[in-house]
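Have a look at the structure below, then the notes.
In listed order, ligands and their atoms are each counted from 1. Index from 1, following the sequence.
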Amino acid sequence: MSSATTNPRLHSIRRLRRWLLNRVFAAAYTAVIFALFCHHALTLLQSTTFKSFCITLTIFVSDIILAYMWSTTQSFHMNPVARQEYPENLQILFDRKDFPAMDIFICTADPYKEPPINVVNTALSVMAYDYPTEKLSIYLSDDGGSELTLFAFMEAAEFARIWLPFCRENNIIERCPDAYFSSNYAQNPKTLEIKMKYDSMKTRVETVVEQGKVSDEYISNEKQHQVLIRYWTKDFTRQNHPSIIQVLLVADHDKDITGNSMPNLVYVSREKSKATPHYFKAGALNALLRVSSIMTNAPIVLTLDCDMYSNDPSTLRRVLCYILDESSRPNLGYIQIPQRYHGLNNVDIYASEHKHLFLLNPPGMDGLDGPSYVGTGCFFRRRTFFGGPSSLVEPEIPELRPDYIVKKPIMDQEILNQAHHVAGCNYENLTSWGSKIGFRYGSLVEDYYTGYRLQCEGWKSIFCDPNRPAFLGDVPVSLIDVLNQNKRWAIGLLEVGFSKYSPLTFGIQAMGILMGQAYAYYAFWAIWSIPITVYAFLPSLTLLNGISIFPKVSDPWFLAYIFLFLGAYVQECLDFILTKGTFQRWWSDQRIWLIRGLSSYLFGFIEYIAKQLGMDTHGFNVTSKVMDDEQSKRYDEGTFEFGVESPMFVPLAMAAILNLMAFSYGGIVQIFKERNLDGFFVQVFIAGFGVLNCLPIYEAMVLRSDKGRMPTRTTIISTLFVGGLCVVTSFVLNM
Ligand SMILES: O=c1ccn([C@@H]2O[C@H](COP(=O)(O)OP(=O)(O)O[C@H]3O[C@H](CO)[C@@H](O)[C@H](O)[C@H]3O)[C@@H](O)[C@H]2O)c(=O)[nH]1
Ligand SMILES: [Mn+2]
């Protein structure tokens, strides 16, 4: 090969221009924060009554938390970078036969929350990657242990034989059948024939799911029949069943209708027993790591959630630009592609895009040691799971070593036996799986935790964000699903934040202050709930009682508040809009942050404490990917979905009612009667800002009559609570 300088490049990196401005701004902001803290401290010392002491202290503590959380976000602003890949240059430098093999893992856990036909669509989309098929193996992990899912995959294996050549011959971009047939596709006899076959498969799968079992008329051959009766016996439950491994397609053996090789397709449902912890998705992925080691042991592993279908057939070649170039990043452990979603409504009411998490923060981390792992769309080197770059942790059996070369065909009885063995629920007893090997246990956010631990071990990562989204997933369409998902994350993150591996201590030591802070930003998400709750209630309650708690407009400290508030909001807003965002979506994003502060983060915090005290809490509640028609219609219109009763709605409704009272009544009294806007401006402003954010809540409480409105009982309970709170505070404050 000629020298590196004359070779066409495979990728490039550049620093985003905003870095310098970010640093200057951070310095100014820090100075004002410290000034404000001095002011708070002085006020605290000078407070004349116990009451004013308590109020100042509460605000001081809230501001310390806000300031700390702000400081953690600075890691994302110091050195943001953008990368670009040039997959078109691959063929100049490499032969397709030099491409590495890839094992693709897809996880599913519940056929009723994650419809098998959608899982099948995801699988078909990745089986059809533009990549040497014989080098691809798709492993499906079914934690639901469902015959419905296995049946769907048996059907998919057959449909794939016509779908894959069809995509290849016609250069189709949308290789997820459902996405393709919902797009503006060319209607000709060939496509119509394929659509008919797809629809017939879809109907069969959906009918079987509706019936809840695979009845005989749907079983097309004796082999299927044997498999289904062998495993799904009377005693079979999803928490208690033997391991099931079904090889549905074999690369060297199965051919598509044009005679080309098919990728391997393997269905795996690991053994489950009520007596053994299964560690949710992390456990499922570890089982897949082992089963795939035994069967194919590809050096590259892609993890995918079942709803994340491939939206671009060239993605594997894109990541090869980094994988095949050793110089791209020394000790490269994984390449993370952001989660993107289809079907978001225009203003993205629940901020499901998670722009900070998936799009804004990763470039910042990429300019340091690399982005965190977000659970799906991530390409790992298999070696990464076995100890740091310079110290291999030996697995129990040589076949699991990342460099082991599989010598037998995938269907060989010995291979199958061993695969069953490593998928056993007691296999991990007394091993390093989950602690030093594989995906890490101990947190409900196994993705964040695993990526974090791998980076602490010295692995680096790359953020790859192609213009055309590489994967597209489903978003929850009801507020309660959004909040529950965020609550699960908040709990899982706290589990890491307060563990012996806390980013604040262990993380900073292992990776330095900026990376440690970046991980701490996530770990302590839930503590946003403290300042948000304080600012949602305290200014309003005191305003109603005629107590001024912030500097007057004429006071120079007022300017400090203005600078801190506007500074943070304007910077956020600019970053958001400059990263392909809109003002409306930014508004939704900051609004949902406040909403989460009063619900997911608050309840996550409480549930975390309960869990530490040994109380039984929920495990990994899988987010539903099924849509009720009415609900999705309301979602598409941009209407908030309350509908169900949940304690999480109570603080939200309370804050809405209280801020409205304070803004209207308190505002009127102070401005027009007492003529004291000067002293109460900040409080009136905060209440007004609260009201503005709560508009959808008022609508849901009084104006709407559809099923998604706020349940009347929640409204009544919240009103009573607000009444009680007002009585108590007016008693305490006027003592
Ligand atoms: O016991 C379980 C629970 C879940 N899953 C799978 O895990 C994936 C993610 O679950 P989902 O309910 O969709 O969770 P989300 O909150 O949407 O997922 C985000 O957060 C998770 C961590 O909480 C990460 O694992 C995901 O990758 C990330 O997208 C799905 O494919 C599930 O089938 C399992 O395989 N086994
Ligand atoms: Mn999901």
Q: Kindly identify the option in Glu446, His278, Gln485 whose heavy atom sits closest to atom 22 (C) of ligand 1.
A: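 Residue with the shortest heavy-atom distance to the ligand atom: Glu446.
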(Q) Heavy atom to atom 32 (C) of ligand 1, shortest distance: which of Glu114, Lys281, Met308, Lys113 holds it? (A) Glu114
Is the shortest distance from a Lys or Arg side-chain nitrogen in [X] or [Y] to a carboxylate oxygen in the other one below 4.0 Å?
X: Asp305; Y: Lys281; answer: yes
X: Arg585; Y: Glu353; answer: yes
X: Glu607; Y: Arg488; answer: no
X: Asp366; Y: Arg83; answer: yes
X: Lys633; Y: Glu641; answer: no
X: Lys625; Y: Asp481; answer: no
X: Asp178; Y: Lys202; answer: yes

Starting from [atom], find the nearest protein heavy-atom neighbour and note its residue, name and distance.
atom: atom 23 (O) of ligand 1; answer: Arg488 NH1, 2.8 Å
atom: atom 24 (C) of ligand 1; answer: Asp447 OD2, 3.4 Å
atom: atom 13 (O) of ligand 1; answer: Lys625 NZ, 2.7 Å
atom: atom 20 (O) of ligand 1; answer: Trp489 NE1, 3.0 Å
atom: atom 31 (O) of ligand 1; answer: Cys107 O, 2.8 Å
atom: atom 1 (O) of ligand 1; answer: Phe280 CA, 3.3 Å
atom: atom 29 (O) of ligand 1; answer: Gln339 NE2, 2.8 Å
atom: atom 18 (O) of ligand 1; answer: Asp305 OD2, 4.1 Å

For [X], the ligand 1 atoms whose distance to one of its heavy atoms is below 4.0 Å:
X: Val445; answer: 23 (O)
X: Gly375; answer: 27 (O)
X: Val622; answer: 3 (C), 4 (C), 12 (O)

Any N or O of [X] closer than 3.5 Å to N or O of ligand 1:
X: Ala109; answer: yes
X: Ser141; answer: no
X: Asp143; answer: yes
X: Phe620; answer: no
X: Ala284; answer: no

(Q) Has Gln336 got a side-chain atom pairing as donor or acceptor with Val374's backbone, closer than 3.5 angstrom? (A)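 Here the side-chain-to-backbone pair exists.
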Q. Okay, side chain of Ser269, backbone of Asp142: is any donor-acceptor separation there less than 3.5 Å?
A. yes
Q: Starting at CG of Asp348, measure out to OG of Ser588 and round the result to the nearest 0.5 Å.
A: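 So the CG of Asp348 and the OG of Ser588 are separated by 6.0 Å.
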Q | For ligand 1, the portion of Val374 having any non-hydrogen atom under 4.0 Å away | A |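 Backbone only; the side chain of Val374 stays clear of ligand 1.
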Q: Under 4.0 Å, heavy atoms only, figure out whether ligand 1 is touched by the backbone of Leu444, its side chain, both or neither.
A: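 The answer is the backbone.
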Q. Can you check whether Tyr519 and Tyr448 have ring centres sitting under 6.0 Å from each other?
A. yes
(Q) Checking Trp459 against Tyr334 for the ring pair (Phe, Tyr, Trp, His ring centres under 6.0 Å) test, could you report, in this order, the C-alpha distance in whole Å, the side-chain angles of both residues, the deciding distance, and whether it holds? (A) CA-CA 8 Å; Trp459 292 108; Tyr334 59 89; 9.4 Å; no
Q. Are the side chains of Gln339 and His354 in touch, meaning some heavy atoms are under 4.5 Å apart?
A.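 No, every pair of side-chain atoms sits at 4.5 Å or beyond.
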Q) Is the shortest distance from a heavy atom of Cys306 to ligand 1 less than 4.0 Å? A)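 Under 4.0 Å: yes for Cys306.
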